[in-house]
There are 2 protein chains.
Amino acid sequence: MSLKAISAKDAASLDKDLMDMGGWSLDQLMELAGLSVSQAVWRIHPLSAGKNVLVVCGPGNNGGDGLVAARHLAQYGYNPSIYYPKQGKNELYTRLRTQLENLSIPFITDANFKTALGETSLLIDAIFGFSFGGPLRDPFPGIIAQIEASNVPVLSVDAPSSWDIATGPPGQGPGAGFMPAALISLSAPKPCVKFFSGRHFIGGRFLTPAIAEKYGLDLPKYPGIDQVMEVGVNADARF
Amino acid sequence: MSLKAISAKDAASLDKDLMDMGGWSLDQLMELAGLSVSQAVWRIHPLSAGKNVLVVCGPGNNGGDGLVAARHLAQYGYNPSIYYPKQGKNELYTRLRTQLENLSIPFITDANFKTALGETSLLIDAIFGFSFGGPLRDPFPGIIAQIEASNVPVLSVDAPSSWDIATGPPGQGPGAGFMPAALISLSAPKPCVKFFSGRHFIGGRFLTPAIAEKYGLDLPKYPGIDQVMEVGVNADARF
């Protein structure tokens, strides 16, 4: 199965439509996006595969999706920890952080990132999503390089962080060899998905037929009550 | 299995704690509450049992939970319709209504309620929740009486509407003989659950151990990634 991709520009416009005209709040969209990420984790990395999940969050909405996912993972019985080196300014991020702290989910320090990377059985890359325009700014080049150099399986949210949304992995430097084991596209795949090999999921079960038509997208046929659907497995899939 | 009940007063305080100190927005709590309602519907009334679901929404947050549930039900393939005779003032309700209208979910008129009741295979009673203090005010006595007189199976959200949260069904008048086939308690059962016979679910998977301890509640052991759990089946269960 293959789903039509949406450009970064159209993805931004789609989110704006949902909020300006569709009645959605960012809280609601992020809740369902993060929930779908947590359900993808359940598929690729059940509790029996290891409870430690390191969620690396960027400063924007992609990071927020990661924070929501971490909360659901804790409810499922995982032991998530968060690395959030540059917290964004939206008050929603502060509230999501409070929710996690009330579940005793640890936020690790810069100094502990390397250790946490060695102790986790799964990493969620919620650093950058469709609005990433590059280049990577500090401290993210070093973080991406460390993730890339590790053997930890990675689930990327919306796009592998450091990749250009249209043209894929950078030609050199951090991220040039970054290939997450799994990817969950939110609402619709981004064009860079064509450079991705691994297990591919779609999440964010909130599109309407009218929005899908406006942007020329496929409405994913989610089975049953699932908030996530696997749309393809590449031969290189490492899960 | 039996879960400890929470009084109406404590339930209000718990919601306030979640929002004032816990970092939660009403949008988030209602999203997860409504999602759990939709998952209960999936359990008791799969698509094969009939796609028409009439959601009767009251003017407060219980009605909002019903609106969210209806949106998810539409995504699952049901044909929900909404009867919303007294829309509340919170702007969230207006946004939830817009979300439903954008999915072409019909809002029926007062004049059409009786017909809709005859055509549905399931009714969701999202009229009043734990904050109901009685007595029923127009138009709800007539609506409850019609639901009570019908043969449509009902799933009540948080409490059977018209019931006193502490003392259960009224001694006489509309609601005196109202016994929904199923009930989904949100966060924790309300004391009136002891007067209920039918299938009983718990939903709202967002409590923290600290909040559960503060209010003397059990933390439900939701299985897997489920947002809802069945906690008991009475011999009279009609599903």
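Bear in mind the structure is a predicted one, so any value in this text is a computation, not a measurement. Chain A is the first sequence line, chain B the second, and so forth, proteins listed ahead of strands; every chain is numbered from 1.
Interface summary for chain B: among A:Leu32, A:Thr94, A:Leu96, A:Leu73, the most heavy-atom pairs under 4.5 angstrom belong to A:Leu32. In terms of heavy-atom pairs under 4.5 angstrom with chain B, the leader among A:Arg205, A:Gln99, A:Glu101 is A:Gln99. Comparing B:Tyr76, B:Phe206, B:Tyr222 by how many heavy-atom pairs each has under 4.5 Å with chain A, the most go to B:Tyr76. Listed options A:Gln39, A:Glu91, A:Gln227, A:Arg95 were ranked by heavy-atom pairs under 4.5 angstrom with chain B; first place goes to A:Arg95. Heavy-atom pairs under 4.5 Å with chain B peak, among A:Val68, A:Thr98, A:Leu92, at A:Thr98. Per-residue counts of heavy-atom pairs under 4.5 Å with chain B were compared for A:Gly224, A:Ser38, A:Pro46, A:Gly77; the largest is that of A:Gly224. For chain A, the option among B:Gln75, B:Glu31, B:Arg71, B:His72 with the highest count of heavy-atom pairs below 4.5 Å is B:Gln75.
With a 4.5 angstrom heavy-atom cutoff, B:Leu207 touches chain A only via backbone atoms. When heavy atoms are compared at a cutoff of 4.5 Å, B:Leu100 does not approach chain A at all. Proximity to chain B is limited to the backbone of A:Met21, based on heavy atoms less than 4.5 angstrom apart. Using a 4.5 Å cut-off between heavy atoms, B:Trp24 contacts chain A through both its backbone and its side chain. Proximity to chain A (any heavy atom under 4.5 Å) is shown, for B:Leu18, by neither the backbone nor the side chain. Using a 4.5 Å cut-off between heavy atoms, A:Leu219 makes no contact with chain B at all.
Within the 4.5 Å cutoff, no side-chain heavy atoms of B:Leu35 are placed close to those of A:Ile225. Side-chain contact between A:Thr208 and B:Ser104: absent, with no pair of heavy atoms (C-beta onward) separated by less than 4.5 Å. Annotation: side chain of B:Leu103 is in contact with side chain of A:Pro209 (closest heavy-atom distance under 4.5 Å).
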